[in-house]
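Note that this is a predicted model, so its numbers are computed, not measured. Each chain gets a letter, A, B and so on, in the order the sequences are listed, and its residues count up from 1.
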Amino acid sequence: MGEYGQVPDPQPAVSPAAPSIGERPKLYRSSTDRWIAGVCGGIAEHLGISSGLVRLLMVLAVLAGPGVFVYGFFWVMTRPDTAAADGVPVARARKSLTKNQVLLVIGAAVLIIGLGWGGPAGQIGRHLGFLLPVVAVAVGAFLAWSQLDANERSRWAGRSKRGRVLAVARPVVGVVLATVGVVALATQGQGFDVVLTSALAAVAVLVGATVIALPWVVRMWQGLQAEQTERIRATERADIAAHLHDSVLQTLALVQRRADDPATVIRLARSQERELREWLYADQNRSSDSLASAVTTATHDVEDEHGIPIELVVTGDRPMDDGGQAMVKATREALLNAVRHGSPPVSVYVEVGPTGVEAFVRDHGPGFEMSDIGDDRLGVRESILGRMRRHGGAAKIRRLESGTEIELTLPPLEKGSEAASPSGSASASGSASGSAPGSASGSVSGDAAGAEKSAEAQPTGGRPA
Amino acid sequence: MTSPTPTAPTKQTSPIRLVLVDDHRMFRSGVKAELDPAVTEVVGEAPDVDTAVTVIKETRPDVVLLDVHLPGGNGNGGVDVLSATRGATTESGQPVRFLALSVSDAAEDVIAVIRAGARGYVTKTISGTDLMTAVRRVADGDAVFSPRLAGFVLDAFGAAAGEIAEVDEELDRLSAREREVMRLIARGYQYKEVAKELFISVKTVETHVSSVLRKLQLSSRHELTAWAMGRRLL
């Protein structure tokens, strides 16, 4: 049962399976320890005693009579636990009746009936004509009603063709059994003719009742479905309204109040747009600690801070590691550089592939007029170039015709430790890009070896004042 | 497409005839205000699928700026307009070209209009000059890829993962050159910057992009959209 996790346990390491004193698991039907519906297993777990003992008592109680009702009561009144829904498939987790157990039960029944025949329960034998139909009705009802149990239903319906056939067969057999039982009860000690007539009459009544009730039941069912859909829709609408109120309406109000400050308005609109987008096109598969999401977050942070839109494209993804962390920080630094000293549009492209990670941060700044930098020199040299090199990657800065592009590379994940040599990653990036970017535009460039030099020769990146 | 220096208008004897299809009137008037009437002439507007089909068939424009999300039709927005006007031609007998315009980043929306026949996709935040460049490019029969669309293509075709077509004609993978072009576009490069970077002409870049567009429209690899989305893109 999934309840153990919530139990406040002063000594957690001792035995996670044993509930601490005072707190016991709620009474659910067990999905893991079950023969029929998990009632006994649930009770045993709730009381913290052996399920075998509970079962023995239950069997005795059933044989005595009232146990049937007790079992039925618990079945109806308790909910199944959710442990199985989360992880272990129900069908497999269920402790199914083995052949031996079935034999055991049958044997016990034969024994009891055999003993009772001549002995104390001899009177039951005389009333067998009464008892058998009652048992038939009970079993029939059990078969038919068990279909209402969602857990059971999924177990039967989930399994291939045979399961689906069984799912239909169970209620049918149940109804037939119950009908036979009722007819047998009503025709105690009558002749075969009477029984037949009664059976026919019963069937006729059943068919008639079905014909009359069916449209009504169907309509009621449809109404119920419609109402349910409507309720779901209403809840969804309420959710959407609440979200829009908390986000969009608030932002719109803010925008109106700050109408005289275009920079703030743009920033508000941009962050609101992003937030709404994330909400609308939320990607469930996105893990929160992957490289792609970290880069996205960093980019959005810079965007929010400086109010300059950044076009971000990421392809591929990989889990976060030290190198990834360094790359995210270096990307962030490069972006800050771009929004401070370059001019928009600023774009980031991150490609995570088998040959490693490549990130390109590009702005359209003039490149030369940046004489007011000063401290940033350390920023570029240490935060970008040094950081990437320390993690086996490389960084290079190129001046394009319009703007600057900072390229960061990182070796593939598996060989992260041994392929830490900068030349390895640089050659990977070279073969991946298929062009020689350095010579292509005549910019100062180089992989890790020449990175530092290029930084110094790079006017936009880090010219000291 | 992002460019601080818009391409100089090519010698155009007559302005490009344009139809705006968007359900937001404010957006339509905004676009109209931004476009240079000497280069592009707005000959029609439509707020929904059915009006759009009628207007396009009547005015026979060179380019349709098509919103991805539109009311009416079969509920598929821009895709419905594209399928209803398939085969429509301009007055000079050229096919009517479509440039998809959307606020949506959802891959399935973008890919759906591209596969339905749009020649390109740009976001609504595009600047006026960039939009004009894009319109002219589409009018010339070329394709317009935003960085985001390029990134998506790289992912969907497995190019980012290193899959490269051996033969150019292969539909399910990009050739090495196409991959390069897509990568540079994803990095925010203009076509002419791409050309310079790869020592090829702008016309060649346009050819590569058009061939990628064709692959995107014809390849069955589009089913891999789901895969690419699972890997979290767009």
Problem - Distance-minimising heavy-atom pair for Gly188(B) and Ser347(A) - result: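 Smallest heavy-atom distance, with atoms named: CA-OG, 3.6 Å.
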Problem - Summary of salt bridge (Lys or Arg N to Asp or Glu O under 4.0 Å) pairs that have at least one residue in residues 65-79 of chain B, sequence neighbours excluded - result: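 Passing the test, one end in residues 65-79 of chain B: Asp67(B)-Lys124(B).
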Practice task
Mind checking the OG1-CD spacing from Thr123(B) to Glu311(A)? Nearest 0.5 Å is all I need.
Solution key: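 Answer for the OG1-CD pair, Thr123(B) versus Glu311(A), is 6.5 Å.
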Practice task
Establish, yes or no, whether the cationic atom of Arg187(B) lies under 6.0 Å from the six-membered ring centre of Tyr349(A) and within 45° of the ring axis.
Solution key: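 Geometry flag: not set, cation outside 6.0 Å or 45°.
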Practice task
Using a strict 4.0 Å threshold on nitrogen-to-oxygen distance, state whether Glu351(A) and Arg179(B) make a salt bridge.
Solution key: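 Arg179(B) and Glu351(A): salt-bridged.
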Handout entry: Set of residues satisfying side chain to side chain donor-acceptor pair (under 3.5 Å) with respect to Arg97(B), sequence neighbours excluded
Key =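 For Arg97(B) the side chain to side chain donor-acceptor pair (under 3.5 Å) partners, ignoring immediate neighbours, are Gln94(B).
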Handout entry: Interatomic distance, Thr315(A) atom OG1 to Arg183(B) atom CZ [nearest 0.5 angstrom]
Key =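 One finds 8.0 Å between OG1 of Thr315(A) and CZ of Arg183(B).
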Handout entry: Arg362(A) to Tyr189(B) six-membered ring, cation-pi geometry met (6.0 Å, 45°)
Key =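 Yes, Arg362(A) and Tyr189(B) form such a contact.
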